[in-house]
Structures are given as C-alpha cells and as structure tokens.
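Lettering follows sequence order; numbering is per chain, from 1.
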2 protein chains.
Amino acid sequence: MERETVIKKRDAVATRAAIRAAAHQRFLRESYDSVGLRDIAGDAGVDVALISRYFGGKEGLFRAVVVDEKDPDLFREPKTVAELPGFFAQLVVEDEDEERQHRMEMFIIMLRSASSAKAGEIIRDFVHRDVLGPLTELIGGDESELRANMLLAILMGIGVLRTIMMVDGFAGSEEEVAECTERFRCLFAAALTC
Amino acid sequence: MERETVIKKRDAVATRAAIRAAAHQRFLRESYDSVGLRDIAGDAGVDVALISRYFGGKEGLFRAVVVDEKDPDLFREPKTVAELPGFFAQLVVEDEDEERQHRMEMFIIMLRSASSAKAGEIIRDFVHRDVLGPLTELIGGDESELRANMLLAILMGIGVLRTIMMVDGFAGSEEEVAECTERFRCLFAAALTC
DNA sequence: GAATTAAATCAACACCTGTTGACTTAGCCG
DNA sequence: CGGCTAAGTCAACAGGTGTTGATTTAATTC
C-alpha cells in the first residue's frame with residue numbers, strides 16, 4: 001500500500017496500473033457482476049470515469065486483468081508429462097512462491113466470474129487457448145484431451161472448494177502440508193494413468 | 001411448456017411453483033447477480049411483484065430453490081464407503097435417471113452463484129451441513145475430512161468444467177460413455193485410497 | 001512566463017435493479 | 001345476486017449501474 005494522498009503525480013501508466021491492480025484484487029474476491037466500477041476506482045484512489053476512458057469499459061478492464069496481465073507462457077511451464085502431477089500439486093498448496101501464487105490467483109479470478117455472461121466468454125476462450133490447448137498437446141496420445149480435462153477439473157475443484165466455498169481442512173499443521181501435497185500429487189498422477 | 005394464455009386459473013400454490021421452476025432454470029444457467037427478477041417473472045408468465053410477495057425477495061427465492069427444493073436425504077444416499085466412487089461417477093456422466101440429473105443440477109446452481117455475496121452464504125451453509133457433513137461421517141477415520149473434501153472437489157471441478165466453462169470432450173461416442181464412467185470411478189476411488 | 005497538451009475531475013445521462021403500496025379483478029360462500 | 005377474501009396487476013419508488021461530454025487542473029515546451 002502506498003500513500004497516495006501526499007502527492008499524486010500525473011502518470012497515465014501508473015494510474016492505469018493502479019486501476020488494474022485494484023481490479024485484480026476485487027475480481028479475486030467477488031464475481032464480475034458483483035464488483036462495481038466505483039468500488040475499483042475507490043480502491044485505486046481514482047475517479048470512476050478514468051476506467052471507461054483507459055480500458056474502454058468494464059469488459060475491457062476484465063479482459064486486461066485476465067488476459068494481458070500474465071506472461072504468455074504462464075501456463076506452459078511444465079515440459080514433461082512426468083512433471084505434471086508435482087506441478088499441479090504445488091499449485092494448489094499455498095506457499096511463498098510469488099509466481100505460483102499469482103498463477104493460482106488467475107484461476108480463482110476465472111472461477112469467480114465464469115458464470116457471468118460477458119466475462120464468461122472471455123474466460124472460456126482463455127481456458128481453451130492458453131490452458132487446455134497446451135496441456136493436451138503436452139500430454140499427447142489418444143486420450144490426451146480427456147486427461148487434460150480431468151487434470152484441470154481437479155485443479156479447479158480444489159480452487160472452488162477452498163476459496164469460493166471457503167472449505168478448509170485440507171492442511172492444518174506444518175508437516176500436514178507436505179503430506180497433503182503428496183496426496184494431491186498422487187491424485188493428479190491417478191488422473192493421468194487410471 | 002404449457003399454454004397459459006388461454007386460461008389462467010387463480011392458484012397461489014401453482015404460480016408459486018411456476019416461479020420456483022422458472023427460477024431454477026435461470027439459476028441453472030446464470031449467476032445469482034446476473035439473473036433479474038423480471039427475467040424469472042417473464043419466464044413464469046407472472047408479474048414481478050409476486051416474487052417479492054411470495055418469497056419475500058430475491059434472496060428468499062434463491063433459498064427456496066437451493067434448500068427447500070430437495071428432499072432432505074438427497075445427498076445421503078450412499079450407505080457404504082465402497083459405493084462412493086461408483087455413486088459419484090454416475091453423478092457426473094449424463095444419463096436419463098431423472099433424480100440423479102436433478103441432483104447434479106443442484107450442484108451446478110450452487111457452483112454458479114457461489115461467488116455472490118448474498119447467495120454464497122446460503123450455499124456455504126448448505127454445502128457444509130448437507131453435503132460435506134454426511135460425507136465425512138460416512139467415510140470416517142482420521143482423514144475423513146480431507147477425503148470428503150477431495151471427493152467433492154473432483155465432483156465440483158468436473159461440474160465447473162463441463163457446464164460453466166463449456167468444455168466437452170469427456171465422452172463422445174456411445175461406448176465411450178461407459179469407459180469414461182469407469183475412469184471417473186477409478187479417479188474417485190484414488191481420492192479415497194491414495 | 002505564456003501556450004499547449006495530456007491527465008484528472010465533475011456532473012449528468014439513460015437504464016436497470018429489487019421492492020412496496022394502492023388498485024383491480026376473479027372466485028367462492030351465503 | 002351481493003359481499004368478501006384472496007390473487008393478480010399496475011405504477012412508481014429510491015438506489016445503483018456503466019458510460020460520456022464538458023470542464024478544470026497539472027506538467028511540459030517554446
């Protein structure tokens with residue numbers, strides 16, 4: 001959090017970034033329809049009109065958060081099929097790795113607003129092109145599509161249950177985290193082989 | 001669909017049911033915030049005012065759809081742990097069984113509106129009390145809570161991917177359905193044992 | 001220092017939201 | 001038939017939505 005009341009330099013790219021950051025946090029916790037542009041503007045310390053001006057409207061802002069915020073290879077990191085279960089398991093358990101955390105946040109944002117008519121279209125395109133596509137290609141083989149779907153389903157299910165349904169009890173104490181990670185790794189592996 | 005323009009008898013319980021049915025279909029396809037009361041009223045062929053009058057508001061209508069529509073033991077059917085994987089597998093593959101279909105629809109409705117502030121609270125209570133609670137009790141043992149969470153996560157993940165993200169490719173031809181069911185059964189079993 | 005241009009603000013718009021009160025109508029009972 | 005009650009309709013409300021044009025303010029350039 002920065003102190004913006006002292007001085008506010010007139011920097012277009014900075015306020016654009018501030019708006020996008022505020023939108024990211026809002027969309028992370030509420031759905032597309034729930035969030036109002038005035039909420040986001042208030043968080044960013046900016047007038048509402050700037051949002052429609054800079055992003056061309058609410059839909060454009062959401063697209064900027066979902067699509068433009070990531071680097072293009074964010075979901076293409078694992079290079080071998082053997083790496084996949086461990087990669088997904090690390091994704092669902094919370095740790096300090098900032099990049100992984102950001103990646104999981106993108107999934108939550110998508111899950112939150114997937115039901116909205118306008119946001120849903122953006123999200124579905126993104127999921128097919130940038131997540132399911134590379135994943136299917138990496139897995140390969142006859143049933144690669146089914147396997148990719150199952151992996152993503154587990155990932156999203158855990159995400160839904162944790163952050164949206166607010167169900168905990170996945171990992172409590174310190175050493176339970178490691179055990180829980182191993183169980184998830186095993187589950188993702190089962191989705192690939194069984 | 002019935003032809004209601006011909007004659008419309010004045011039946012309070014019938015119109016109440018019509019409103020609830022229309023709301024069910026709307027909430028099945030859009031989120032709580034997306035759906036407007038005027039949409040539901042239009043589908044039911046009723047004036048908007050009747051909704052607030054009969055259900056005490058939008059929130060009450062949603063609660064009536066989610067909570068009151070089911071019979072209480074809808075999610076307590078399986079009696080043994082061994083039955084669980086098959087039960088969940090049958091739940092996710094579409095078939096003609098009307099009761100199973102209705103049960104899965106309830107999950108989708110919950111998934112769609114879980115992110116809304118008002119609807120989310122209703123849903124979280126329901127999930128904990130009527131789904132996760134009985135499931136944990138049935139599984140039993142030290143890690144029963146974790147197991148129940150994993151099962152529900154897979155179920156919801158598949159639901160999200162299919163109906164909200166509109167991802168198909170789970171089952172194509174006729175005999176693929178049976179094979180797909182078996183794979184899901186295997187996956188749910190893995191969540192219990194691995 | 002004045003002119004110019006971009007950045008930020010203000011105010012208002014048209015529209016849609018859920019909800020409520022007053023009103024009208026249909027159906028039943030005596 | 002006349003009265004009565006419940007069922008349904010109509011209109012309007014207060015509040016909120018995203019968006020846009022005109023305006024003001026700050027920073028840069030000549």
Side-chain angles (χ1 to χ4, degrees), chain A residues 2-23 26-27 30-66 113 115-122, chain B residues 2-23 26-27 30-66 113 115-122:
Chain A
E2 294 164 343
R3 186 156 301 266
E4 72 244 329
T5 53
V6 186
I7 42 164
K8 177 148 31 179
K9 296 189 298 182
R10 292 201 158 195
D11 189 346
V13 300
T15 52
R16 226 189 108 99
I19 292 172
R20 197 166 56 186
R26 281 281 178 179
F27 287 135
E30 294 170 64
S31 75
Y32 179 84
D33 300 300
S34 302
V35 176
L37 290 188
R38 283 168 178 82
D39 301 330
I40 299 175
D43 291 354
V46 180
D47 194 272
V48 207
L50 283 186
I51 298 182
S52 290
R53 188 136 311 166
Y54 281 163
F55 295 91
K58 189 180 186 180
E59 207 172 326
L61 173 62
F62 186 77
R63 194 188 313 272
V65 169
V66 172
S113 300
S115 293
S116 173
K118 298 170 188 172
E121 209 169 326
I122 301 171
Chain B
E2 296 164 345
R3 186 155 301 265
E4 70 245 328
T5 53
V6 186
I7 41 165
K8 176 149 30 178
K9 297 190 295 182
R10 290 201 161 196
D11 189 345
V13 300
T15 53
R16 226 189 107 99
I19 292 172
R20 198 167 53 185
R26 281 280 177 177
F27 287 135
E30 293 171 64
S31 74
Y32 179 84
D33 300 301
S34 302
V35 176
L37 290 189
R38 283 169 176 82
D39 301 331
I40 299 176
D43 291 355
V46 180
D47 193 273
V48 207
L50 282 187
I51 298 183
S52 291
R53 189 138 309 167
Y54 281 164
F55 295 91
K58 189 180 186 181
E59 206 172 327
L61 173 62
F62 187 78
R63 195 189 311 271
V65 170
V66 173
S113 299
S115 293
S116 174
K118 297 170 188 173
E121 208 168 329
I122 301 171

Heavy-atom closest contact ([X] atom, [Y] atom, distance):
X: A/E30; Y: A/S113; value: O-OG, 4.3 Å
X: B/V46; Y: B/L50; value: CG1-CD1, 3.0 Å
X: A/S52; Y: A/L37; value: OG-CD1, 4.3 Å

State the CZ-CD1 distance between B/R26 and B/I40, to the nearest 0.5 angstrom. 7.5 Å
Rounded to the nearest 0.5 Å, how far does NZ of A/K118 lie from CZ of A/F62? 12.5 Å
Quick one: [X] [atom1] to [N] [atom2], roughly how many Å, whole number?
X: B/F62; N: C/dT17; atom1: CZ; atom2: P; result: 18 Å
X: B/I19; N: D/dA7; atom1: CD1; atom2: P; result: 12 Å
X: B/R10; N: C/dC28; atom1: CZ; atom2: P; result: 11 Å
X: A/R16; N: C/dA8; atom1: CZ; atom2: C1'; result: 16 Å
X: B/I51; N: C/dT17; atom1: CD1; atom2: P; result: 12 Å
X: B/K118; N: D/dG16; atom1: NZ; atom2: P; result: 11 Å
X: A/I40; N: D/dG16; atom1: CD1; atom2: P; result: 17 Å

Looking across every strand, which nucleic acid part, if any, lies under 4.0 Å from A/Y54 by heavy atom: base, sugar-phosphate, or nothing? sugar-phosphate
Applying salt bridge (charged side-chain N to carboxylate O under 4.0 Å, His left out), can you list everything that pairs with B/R16, at least two apart in sequence or on another chain? none
Could you tell me, to 10°, how much the axis swings from one end of the helix from C/dG1-D/dC30 to C/dC16-D/dG15 to the other, five pairs per end? 20°
Apply side chain to side chain contact (heavy atoms under 4.5 Å, CB included) to residues B/F27 and B/V66 and explain how you reach the verdict. CA-CA 10 Å; B/F27 287 135; B/V66 173; over 6 Å; no
Evaluation steps, side chain to side chain contact (heavy atoms under 4.5 Å, CB included), between A/Y32 and A/E59: CA-CA 9 Å; A/Y32 179 84; A/E59 207 172 326; 3.8 Å; yes
Between B/I51 and B/K58, is the side chain to side chain contact (heavy atoms under 4.5 Å, CB included) condition met? List the steps. CA-CA 8 Å; B/I51 298 183; B/K58 189 180 186 181; over 6 Å; no
Are any of B/T15's side-chain N or O atoms less than 4.0 Å away from OP1 or OP2 of D/dG8?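 B/T15 to D/dG8 OP1/OP2: side-chain N or O found under 4.0 Å.
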Enumerate all atom pairs, one protein N or O and one N or O from nucleotides 18-22 of chain C, separated by less than 3.5 Å.
from, atom 1, to, atom 2, distance (Å)
C/dG18, OP1, B/V35, O, 3.4
C/dG18, OP1, B/K58, NZ, 2.9
C/dG18, OP2, B/L37, N, 2.9
C/dG18, N7, B/R38, NH1, 2.8
C/dG18, O6, B/R38, NH2, 3.1
C/dT19, OP2, B/S52, OG, 3.3
C/dT19, OP2, B/K58, N, 2.9
C/dG21, N7, B/R53, NH2, 3.3
C/dA22, N6, B/R53, NH1, 3.4

